[in-house]
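Right, one structure below, let's go through it.
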Amino acid sequence: MKLNGAQILMKVLQEERVDTIFGFPGGTVIDIYDELAKTDIRHILVRHEQGAVHAADGYARASGKTGVCLVTSGPGATNTVTGVATAYMDSIPLVVLTGQVPTHLIGNDAFQEVDIVGITRPCTKHNYLVTRVEDLARILKEAFYIARSGRPGPVLVDIPKNVSVAKTDYKPIEKVSINSYSPTYEPNTKQLKKVMKLVKEAHRPMIFAGGGVILSKASAELTTFARKIRIPVTMSLMGLGAFPGNDPLSLGMIGMHGTYRANMATAACDVLIGIGVRFDDRVTGKTDCFAAQAKIVHIDIDPTSIRKNVTVAVPVVGDCRISLQHLNRMIDEADLGDLEAKRNPWLRQIEEWRRAYKLAYDQNPEGSIKPQYVIDCLYRLTNGKALITTEVGQNQMWTAQYYHFEKPGHFLSSGGLGTMGFGLPAAIGAQAAFPGKPVVDVAGDGSIQMNIQEMATAVEHGLPVKVVILNNGYLGMVRQWQQLFYDRRYAATCMNCAPDFVLLAQAYGAVGLRAERPSEVEPVLRKGLETPGPVIMDFRVEKEECVYPMVPAGAPITEMLLA
Amino acid sequence: MIETEEKHILTMLVDNKPGVLSRVVGLFSGKGFNIDSLCVAETIDPAVSRITIVTQANSLVLEQIEKQLRKLINVIKLRDMTGPRAVKREMALICIRAKRESRDEILRLADIFRCKIVDVGPQYYIIEATGDRGKMEALISLLKPMGIKKIARTGSIALYREPD
């Protein structure tokens, strides 16, 4: 069967069961769009290509499927870079399709030509420039395979215009094999036995779970593992939801804005089992002091994550889920003695830390709105079941602290790259994956303006995302650093001129609501969540509230500023 | 504890495709690893190239370099050629000032180091030298006082000795 490149692309997308694409058309992808319109694949037209990648990313994080986006060459392609880097840092499976000028013009500085493969080489898992239509089907299949296998990540495929119109014989590719790429899923049994030995001997063990647990769909196995051997669990920002946040064994989040008990326990534990984590600097603080008394076990599918930042006693290269399944089986067969008695002193100590310093805020009913109170109300009103995206900064940290995520795939946030402007398009993507679920973007007044144009996308496509703006008139997190470490010199962090978000919502054809007093928070949230269609809720919060606890950058994580 | 950096010679078989060298080199620059020398050419299989890189690193960094290189989709195989199990050679073309009083001395040195004179002029010789790194350094230091006008070095290549 003779097909042109654009038709082959549609075939592969259908074989890969892609139901939704986020994109923005242009000259070099016009033939692809022409074919796309003939299929039943839903195309969501964004207002900026960065939004397309974040939306595909939000779709992937929420659904566990591979997100797909399609943009044109030149500026269309360069506008994806922040989104691609965001997905790369958080290991999100994406296939990013970019148009390219015809092959005979490549290198000629043609109109809307850019070397996007060169530009994105360091921020993709892999990328391709397709030079012959005969290679297109294979490359696209490889792209999907690479994106979702092993440690997932974005793969970019650059398709010149003449490749999308050239014809070739097409037959479906059944199996992809790349001889230089075979991720290790199955862990080494010898290493797992070493893990068991450490677990058996440990007096003060703890688990540190990260995004890898969510990506490998290992939450159930992790929960079984932790409960069976009564080990408390802390999570990285990316790991929130991997273990139920309200479980008595949950320590909450670790790191710079982690809980007091999680950070204290990390310093005191004698065995630390890191699962699907990469010991990021926001987690470890000063690495020399991090878990200094502990033997560290590190389970991860990516060998480069292991021994990159911290010394590891027992490395285990493998899929988190498969590794935990093995460990759970080994626990069933092992005699671990009286775990209850063995763990009690350690768990009592953790309980003492929990009582000594709880996450708390003081909402004066006559005072200004505390941002934490907004998240608290949101948590209660949604029964902790909403899909929550965030922007980056204080809004992100308060959400991580006060919305106690029960399940994986419910907290969608740019962890590694820290991309402001992520939340709204990601919410659109998550809503596209789950039209019936409540989806809320928790934003700041600064970060929401980085991709506010996507309100039009939400309205046009009937995606009823709710935006909660914690509006303090500042770029709050940087302002907090300036308050604490730069003698309150608020250089360039005061945003005096923001739009009226209620009117702005209306201008986009959405609904805008505002709360200025604590008593208005619940009614506004309730009304906003009940209103059909997209809603922006503008909460005028306390201007100089800080996120606590806070570990100053580079300090040991036990040195927390508590208030 | 600060570990000392040591020289390591890494060779890898990679897909012989456009952009692959750029992925390898970009990894070194992007992650702050260093490259002392670099050598690339096709192997007997035209679909595969061999890249040889000499780098300086302590053991932790070396471990990262190796893991990161293996992670690249286009890297088929990677080996650390440091140590006696591998044969290493590099080549240099050295253009040396050759005044009448030093011409004999240069020829003698060339002979001792088993070099070839590949071009001769009234004021210069071009010498072709091959050998391991130590030999090259020794030759260069002996020639230096005579006045090296230009030098082109290939950097190291290496092959593992076949097992007996």
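In what follows, every chain begins at residue 1, and chains take the letters A, B, ... in the order their sequences are listed.
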Answer with side chain, backbone, both or neither: which region of A/Pro122 has an atom nearer than 4.5 Å to a non-hydrogen atom of chain B? neither
Residue part contacting chain A, namely of B/Ile76, when any heavy atom lies under 4.5 Å: both
Could you list every donor-acceptor pair linking chain B to chain A (distance under 3.5 Å, backbone and side chains)?
{"from": "B/Ser22", "atom 1": "OG", "to": "A/Arg121", "atom 2": "NH1", "distance (Å)": "2.3"}
{"from": "B/Arg23", "atom 1": "NH1", "to": "A/Asn127", "atom 2": "OD1", "distance (Å)": "3.1"}
{"from": "B/Arg23", "atom 1": "NH2", "to": "A/Asn127", "atom 2": "O", "distance (Å)": "2.9"}
{"from": "B/Arg23", "atom 1": "NH2", "to": "A/Asn127", "atom 2": "OD1", "distance (Å)": "2.9"}
{"from": "B/Glu63", "atom 1": "OE1", "to": "A/Arg307", "atom 2": "NE", "distance (Å)": "2.9"}
{"from": "B/Glu63", "atom 1": "OE1", "to": "A/Arg307", "atom 2": "NH2", "distance (Å)": "2.7"}
{"from": "B/Glu63", "atom 1": "OE2", "to": "A/Arg307", "atom 2": "NE", "distance (Å)": "3.0"}
{"from": "B/Gln64", "atom 1": "NE2", "to": "A/Thr304", "atom 2": "O", "distance (Å)": "2.8"}
{"from": "B/Lys67", "atom 1": "NZ", "to": "A/Pro303", "atom 2": "O", "distance (Å)": "2.9"}
{"from": "B/Lys67", "atom 1": "NZ", "to": "A/Ile306", "atom 2": "O", "distance (Å)": "2.8"}
{"from": "B/Lys71", "atom 1": "NZ", "to": "A/Asp302", "atom 2": "OD2", "distance (Å)": "2.7"}
{"from": "B/Lys71", "atom 1": "NZ", "to": "A/Thr304", "atom 2": "OG1", "distance (Å)": "3.4"}
{"from": "B/Ile73", "atom 1": "O", "to": "A/Ser180", "atom 2": "OG", "distance (Å)": "2.4"}

Kindly say whether B/Ile9 contributes a backbone atom to a donor-acceptor pair with the side chain of B/Thr82 at under 3.5 angstrom? yes
Counting only heavy atoms closer than 4.5 Å, note whether A/Ile306 contacts chain B via side chain, backbone, both or neither. both
Backbone N or O of B/Gly83 within a donor-acceptor pair of the B/Lys88 side chain at under 3.5 Å? yes
Show the atom names and distances, to 0.1 Å, of all donor-acceptor pairs under 3.5 Å that link a side chain in residues 94-102 of chain B to residues at least two apart or in another chain.
{"from": "B/Ser102", "atom 1": "OG", "to": "B/Lys99", "atom 2": "N", "distance (Å)": "3.4"}
{"from": "B/Ser102", "atom 1": "OG", "to": "B/Lys99", "atom 2": "O", "distance (Å)": "3.3"}

Between B/Arg89 and B/Asp132, does at least one N-O distance fall below 4.0 Å, as a salt bridge requires? no
Quick check with a 6.0 Å cut-off and a 45 degree axis cone: is B/Arg103 positioned over the face of B/Tyr125's six-membered ring? yes
More than 12 heavy atoms of other groups within 6.0 Å of B/Arg114 CZ: no
Ion pair B/Glu137/B/Arg153, N-O distance below 4.0 Å: yes
